[in-house]
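No hydrogens, no waters, no symmetry mates; every other heavy atom, side chains included, goes into these values.
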Amino acid sequence: MEEVYSLTKCDLQSLLALVDGCLRAHTVAELVPLLDLLQRVIPFERATICIVSSSSLDSDFFRSVVNHSYDRSWVDAYLANGYQTVDPVIQEALRRNRPVSWDSAFNSVRVPNVRSSRFFEEATEYGLINGVTCLSDRDDACNRTLLSLSLPSDIGAQRFAPIIQTAVAHLHDALTRINQGEDGVRTVRHDAPVALTLRESEVLKWASNGKTCWEIAKILNISERTVKFHFGNAFVKLNVVNRSQAVAKALYLGLMSH
């Protein structure tokens, strides 16, 4: 799997803009250009985000659908036929806390029934054979955000897993807030400043430049274990869970070492 340290500076800037946009968005329309930003990092062909319930059998499984680029006729057919009940990608995504590649989910179906066969046929007709789907974490099992991306056939889905997980977490916060009718704009709290040590700032800087933990250890003349220790401390201080989030937030707060 390709890790976040392979991102370019332009990729990180796009992710930072997406995070900032999620913090500021207060209408559904404002989420569409945020997917344009994500497309600069992940070369998807089609995208949609929506809030989903915990069971694909629920009549209102999809809520607050924001369709970025899927064919409208496919979206209408999917919803009308309740394909979420036979879509193996949806079934696997509901069971997992990480991105699901379509090919692995499709290949897991050994004996398709009539409805699932029809689903596969229609999806193929629309060129939907490769992609990735991810649900936000199970912090609220009845209110999770789904991000679905159709990818070109020659692009591996799992290489983008860390980026997708970061994006869906922030899109979930924005879409949930909008769906609940919250007003106003969320801003960074200046009454609770974050202070990184020089080493924590340095490891984030080198990560933003595409360096691995091993490479950072050699550059700073410290052990790889120490590099990971500094990353861990930075994650806690920045209230993030991975490097992409840490780098994006550090850049946003002006905490990156120069």
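- Of all heavy-atom pairs between Ala174 and Leu31, the closest is CB-CD2, 3.9 Å.
- No donor-acceptor pair under 3.5 Å is formed between the side chain of Gln39 and the backbone N or O of Leu34.
- Taking Thr133 as the reference, Trp102 meet the side-chain hydrogen bond (donor to acceptor under 3.5 Å, both in side chains) condition, with sequence neighbours excluded.
- Note: Asp103 CG to Leu151 CG = 10.0 Å, rounded to the nearest 0.5 Å.
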Problem set entry | Trace of the side chain to side chain contact (heavy atoms under 4.5 Å, CB included) decision for Asn209 with Lys205 | CA-CA 7 Å; Asn209 289 332; Lys205 180 197 72 171; 4.2 Å; yes
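- Between Phe106 and Phe120, the ring-plane angle classifies as perpendicular under the 30° and 60° cut-offs.
- Two residues are said to be in side-chain contact when any heavy atoms from C-beta on lie closer than 4.5 Å; Val168 and Leu135 fail this criterion.
- Looking at heavy atoms from C-beta onward, Ile129 lies in side-chain contact with Thr124 at the 4.5 angstrom threshold.
- Within the model, atoms CG of Asp36 and OG of Ser14 stand 10.5 Å from one another, a figure rounded to the nearest 0.5 Å.
- Looking at Cys50 and Phe61, their side chains never come closer than 4.5 Å, going by heavy atoms from C-beta outward.
- The backbone N or O of Ala25 lies less than 3.5 Å from a partner atom in the side chain of Arg177, making a donor-acceptor pair.
- You'll find the side chain of Pro152 reaches within 4.5 Å of the side chain of Glu45, heavy atoms only.
- To the nearest 0.5 Å, the span separating CD on Gln165 from CG on Asp137 amounts to 7.5 Å.
- Taking both residues in full, the closest heavy atoms of Val86 and Gln91 are given as N-NE2, 4.4 Å, listed atom of the first, atom of the second, then distance.
- Smallest separation of non-hydrogen atoms from Ile164 and Cys134: CG2-CB, 3.6 Å.
- A side-chain donor-acceptor contact under 3.5 Å links His26 to the backbone of Arg24.
- Side-chain atoms of Asn130 come within 3.5 Å of backbone atoms of Ile155 as a donor-acceptor pair (strictly under, hydrogens ignored).
- Residues Phe229 and Ile222 have side chains not in contact (no heavy-atom distance under 4.5 Å, counting atoms from C-beta outward).
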- Item | Steps toward side chain to side chain contact (heavy atoms under 4.5 Å, CB included) verdict (Asn81, Phe119) | CA-CA 9 Å; Asn81 290 296; Phe119 161 74; over 6 Å; no
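- Under the 3.5 Å distance criterion, the side-chain polar atoms of Ser108 are matched with a main-chain donor or acceptor of Ala105.
- Between Val247 and Leu204, the closest heavy-atom pair is CG2-O, 3.9 Å.
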Exercise for review: Kindly determine whether Leu147 and Leu38 satisfy side chain to side chain contact (heavy atoms under 4.5 Å, CB included), including the steps that lead there.
Suggested key: CA-CA 11 Å; Leu147 172 63; Leu38 185 61; 4.1 Å; yes
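- Ring geometry for Tyr78 against Tyr83 counts as perpendicular: the plane angle is over 60°, on a 0 to 90° scale with 30° as the lower cut.
- Side-chain atoms of Asp71 and Ser73 form no donor-acceptor pair, as typed in the model, at a separation below 3.5 Å.
- Side chain of Thr48 to backbone of Val66: a donor-acceptor contact under 3.5 angstrom is found.
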Determine, step by step, whether Glu224 and Thr212 satisfy the side chain to side chain contact (heavy atoms under 4.5 Å, CB included) criterion, reporting the C-alpha distance in whole Å, the side-chain angles of both residues, the deciding distance to 0.1 Å, and the verdict. CA-CA 9 Å; Glu224 188 173 354; Thr212 67; over 6 Å; no
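- Atom CH2 of Trp206 and atom CD1 of Ile219 lie 4.5 Å apart (nearest 0.5 Å).
- Counting heavy atoms from C-beta outward, Cys22 and Leu171 have side chains that approach closer than 4.5 Å.
- With hydrogens and angles left out, the side-chain atoms of Ser116 and Asn113 include a donor and acceptor closer than 3.5 Å.
- The CD1 atom of Ile90 lies 8.0 Å from the OG atom of Ser56; values are rounded to the nearest 0.5 Å.
- Taking CD1 of Ile178 as the start and CG of Asp173 as the end, the distance is 11.0 Å to the nearest 0.5 Å.
- Closest approach of Glu200 and Ala195 over heavy atoms only: OE1-O, 4.4 Å.
- Atom CZ of Arg115 sits in a crowded spot, with more than 12 heavy atoms from other residues, nucleotides or ligands closer than 6.0 Å.
- A donor-acceptor pair is defined here as one N or O able to donate and one able to accept, closer than 3.5 Å; no such pair exists between the side chain of Ser136 and the backbone of Ala169.
- Taking the side chain as every heavy atom from C-beta outward, Leu18 and Thr166 never approach each other to under 4.5 Å.
- Side chains of Val227 and His230 form no contact here, defined as non-hydrogen atoms less than 4.5 Å apart.
- Contact between Asp60 and Ser53 at its shortest, heavy atoms only, is O-OG, 4.4 Å.
- The pair Glu202-Arg199 meets the salt-bridge criterion, with a side-chain N (NZ, NE, NH1 or NH2) lying under 4.0 Å from an Asp/Glu carboxylate O.
- Residues meeting the side-chain hydrogen bond (donor to acceptor under 3.5 Å, both in side chains) test with Ser150, sequence neighbours left out: Arg46.
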